[in-house]
Amino acid sequence: MGMVLDILKKVYVNNISIHSLEVFPNKVYVKVETLEEEGKKLHIIKNLLSINGVLKVQEIELLSYEKNERRLRAIIDAVQDGILAINHNGEVELFNNYCEKIFHIKKENIVGKNIKELLGFGGPIINLLKTGENYDNIEVFTKNAKNSFHYITSGRSVKDDKGKTIAAVASLKDIDEAIEMSNAITSKEEFVFKNIIGNSSSITKTKEICIAVAKSNSTILLRGESGTGKELFASAIHKLSARADKNFIAINCAALPDNLIESELFGYVKGSFTGATKNGKTGLFKAADNGTLFLDEIGELSLPLQAKLLRVLQEGTIRKIGSSVEEKVDVRIIAATNRNLEDMIKNNTFREDLYYRLNVIPIYIPSLRDRIEDISMLVNYFIKILNKQMGRNIKGAEMEFIEELVKFNWPGNIRELKNVVERAMNLCHGSFLKRENLIMDFQKTTNYEIDSKNHEFNFKLKDVVEAAEKKALISAIQNCKSCRNAAKALGVSHTTIINKLNKYGINFH
């Protein structure tokens, strides 16, 4: 008891200035002014040893807290992240070497200055200082008078004993380095299939087949119903192939008339037909040279175009419209169809020889009915995507909502599921999608029935539309509690809602 005071008295009587002091059990560290004279050092040591209880006095380079601080700063400078700390006034207190790389400024030029001089705006760390609310993985793209910055940041508040935020610390990662790191730790297969959601046995097997055949140059035929994601699989196969750094070009053969598809695929020379551009056009086969060409809805090609495509597959050459010159192309073909090509061959609407050229590696893309266990994962994925598009913050879906989806037949597959989720999100006014937010098919949204004996409709299309409108209006009004909010949810004007309510005699109070 009182030993620290005795030590300080001995230092004081020798007119030595004390800079700092640390007290531990059995140890006292005292940092004093520099003592140049050796005799003065020995004198103060002798005086300190005269104190009852002082067993040893020795000179050290750094105090304990100084060692810890320097060790911590070395660690902070060594990590591959920016570490930025500001005090309660918004002044920069910590700015490591990585921050210098991100912001293109030396720490000595920013430490002690207000963070707004660096960021040029109220960034996440400034908001953290105000609110005390921590944040994770926020992407920031901003600039000041000299530079622009693009990084990902997470922040934590520093609070006193009463819970008041007194400082803020943020970690930062340059966006390009973050992407490189993500690619390094994520397998290429996981990366290329990131938009193909699901881990059911059927979808997993399909992914495995795609991985196995991707490295070859063999032609692939993707079979499956509309809306199953055939183009996503075609793109994944291309990215896994040796042609990944070359073009992947897709064309929907059902979207254009024959003359336009031919010019799109094969190109044309100048003056080859009325309306042709004076410089001619490079076709998609040429544009995809050394890459991959995805021919969606291949079953919609006319027989003459099928013959031209067969020649490309057989000879590896194309001839532009209006030209007599054949050009070599090295293109891998991935075709896709939802039609029964075998029946088309029997009906003479699809060439048998082209079929065998395309059907080298057939891959069946499972329908949603064959992968029901993926529905929950798909719903959460669509909610996440649509939240950004719609400016919503839906947290997820209730179990009853998922159970209803599992019961459905899904003729439109993934595309239809996404539409159902988007429709439900428009009608949802809570944090979770509920069963009552579901509107799926006409048979479940109307009171009309089909005669099961003769399969004849006993209602008109106009009646179906009106019944669907009524149900949607009533549901929106009940959930939104006002005409204006109902109009916003249904994507129509306030006036339209009023007119429809009057038309159907729906009372709203």
Side-chain angles (χ1 to χ4, degrees), residues 182 185-214 220-237 239-240 296 334 336-338 340 361-390 392-428 430-445:
S182 175
I185 63 177
T186 304
S187 71
K188 192 171 185 180
E189 288 82 3
E190 289 177 337
F191 179 73
V192 301
F193 289 123
K194 65 184 176 69
N195 291 324
I196 301 175
I197 309 302
N199 54 17
S200 61
S201 58
S202 58
I203 205 70
T204 299
K205 183 177 180 180
T206 305
K207 290 178 182 179
E208 290 172 352
I209 294 172
C210 290
I211 293 169
V213 304
I220 293 174
L221 181 61
L222 301 177
R223 307 289 295 267
E225 298 173 9
S226 179
T228 51
K230 293 187 283 294
E231 184 169 347
L232 289 176
F233 278 96
S235 178
I237 292 169
K239 290 173 182 175
L240 290 169
D296 198 9
I334 301 178
T337 184
N338 60 1
N340 189 319
I361 302 177
I363 300 176
Y364 174 74
I365 310 300
S367 67
L368 188 53
R369 297 183 302 280
D370 297 327
R371 43 183 296 217
I372 290 297
E373 56 266 50
D374 290 332
I375 284 181
S376 179
M377 190 181 297
L378 284 162
V379 168
N380 287 324
Y381 173 74
F382 290 139
I383 289 174
K384 182 179 178 181
I385 297 298
L386 292 168
N387 270 336
K388 294 179 181 178
Q389 295 177 6
M390 301 167 63
R392 301 295 304 276
N393 189 29
I394 303 296
K395 305 293 185 185
E398 292 186 352
M399 186 56 66
E400 291 80 2
F401 182 91
I402 300 297
E403 288 173 351
E404 286 298 312
L405 298 183
V406 170
K407 296 175 187 176
F408 192 59
N409 190 44
W410 298 111
N413 290 293
I414 310 298
R415 190 180 295 124
E416 185 181 12
L417 175 61
K418 183 181 179 182
N419 289 343
V420 168
V421 173
E422 183 173 356
R423 192 180 304 140
M425 288 177 67
N426 274 296
L427 297 174
C428 177
S431 296
F432 291 87
L433 300 183
K434 301 176 182 293
R435 178 188 290 172
E436 53 263 34
N437 301 138
L438 278 174
I439 299 178
M440 296 205 295
D441 65 345
F442 276 118
Q443 287 180 330
K444 290 187 178 181
T445 57

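What you see below is based on every heavy atom in this structure, not just the backbone, and it leaves out hydrogens, waters and symmetry mates.
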Exercise for review: Enter the distance from Asp296:CG to Asn338:CG here, rounded to the nearest 0.5 Å.
Suggested key: 8.0 Å
**Study point:** Nearest-0.5 Å distance, CG of residue Asn437 to CD of residue Glu400
**Key:** 12.0 Å
Review point. Do Leu438 and Leu405 have side chains that get closer than 4.5 Å, going by heavy atoms?
Key: yes
Practice item. Would you give the length of the straight line joining atom CD1 of Ile196 to atom OG of Ser235, rounded to the nearest 0.5 angstrom? Key: 8.0 Å
Practice item. List the steps, then state whether side-chain contact (heavy atoms from CB on, under 4.5 Å) holds for Leu386 with Lys418. Key: CA-CA 9 Å; Leu386 292 168; Lys418 183 181 179 182; 4.2 Å; yes
Exercise for review: Report yes if some heavy atom in the side chain of Asn426 is under 4.5 Å from a heavy atom in the side chain of Glu422; otherwise report no.
Suggested key: yes
Review point. Would you call Met425 and Asn387 a side-chain contact if the rule is heavy atoms closer than 4.5 Å?
Key: yes
Check your understanding: How many angstroms lie between CG in Leu378 and CD1 in Ile372, if you round to the nearest 0.5 Å?
Key -> 10.0 Å
Exercise for review: Take Ile394 and Phe382, measure what side-chain contact (heavy atoms from CB on, under 4.5 Å) needs, and give me the verdict at the end.
Suggested key: CA-CA 11 Å; Ile394 303 296; Phe382 290 139; over 6 Å; no
Review point. Can you name the nearest heavy-atom pair linking Ile402 to Ala397, along with the distance?
Key: CD1-CB, 4.0 Å
Check your understanding: Side-chain donor-acceptor pair under 3.5 Å between Ser200 and Asp374, yes or no?
Key -> yes
Revision key, fill the gap. In short, Gly430 meets Arg392 closest at the heavy-atom pair O-NH2, 4.4 Å
Review point. Can you find a heavy atom in the side chain of Asp370 that is under 4.5 Å from one in the side chain of Ser367?
Key: yes
Point to revise | Test log, rule side-chain contact (heavy atoms from CB on, under 4.5 Å), inputs Arg423 and Val420 | key: CA-CA 5 Å; Arg423 192 180 304 140; Val420 168; 4.0 Å; yes
Check your understanding: Where is the tightest heavy-atom contact between Cys210 and Ile363, given as atom of each residue plus distance?
Key -> SG-CD1, 4.2 Å
Review point. If we only count heavy atoms from C-beta on, is the Lys434 to Phe401 side-chain gap below 4.5 Å?
Key: no
Check your understanding: When rounded to the nearest 0.5 angstrom, what distance separates CD1 in Ile385 from CE in Met390?
Key -> 13.0 Å
Exercise for review: Take Glu208 and Lys205, measure what salt bridge (charged side-chain N to carboxylate O under 4.0 Å, His left out) needs, and give me the verdict at the end.
Suggested key: CA-CA 5 Å; Glu208 290 172 352; Lys205 183 177 180 180; over 6 Å; no
Point to revise | Donor-acceptor contact present, side-chain Asn413 to main-chain Ser226, <3.5 Å | key: yes
Review point. So how far is it from Leu222 CG to Ile365 CD1, rounded to the nearest 0.5 Å?
Key: 5.0 Å
Practice item. Apply side-chain contact (heavy atoms from CB on, under 4.5 Å) to the pair Thr206 and Phe193, showing each step before the final yes or no. Key: CA-CA 11 Å; Thr206 305; Phe193 289 123; over 6 Å; no
Revision key, fill the gap. For Ile375 and Val406 the tightest heavy-atom approach is CD1-CA, 4.1 Å
Exercise for review: Report yes if the side chains of Phe408 and Leu368 come closer than 4.5 Å at any heavy-atom pair, otherwise no.
Suggested key: no
Review point. Has the side chain of Ser202 got a donor or acceptor atom that lies under 3.5 Å from a matching backbone atom of Pro366?
Key: no
Review point. Has Lys230 got its NZ or CZ under 6.0 Å from the middle of the six-membered ring of Phe233, at an angle within 45 degrees of the ring axis?
Key: no
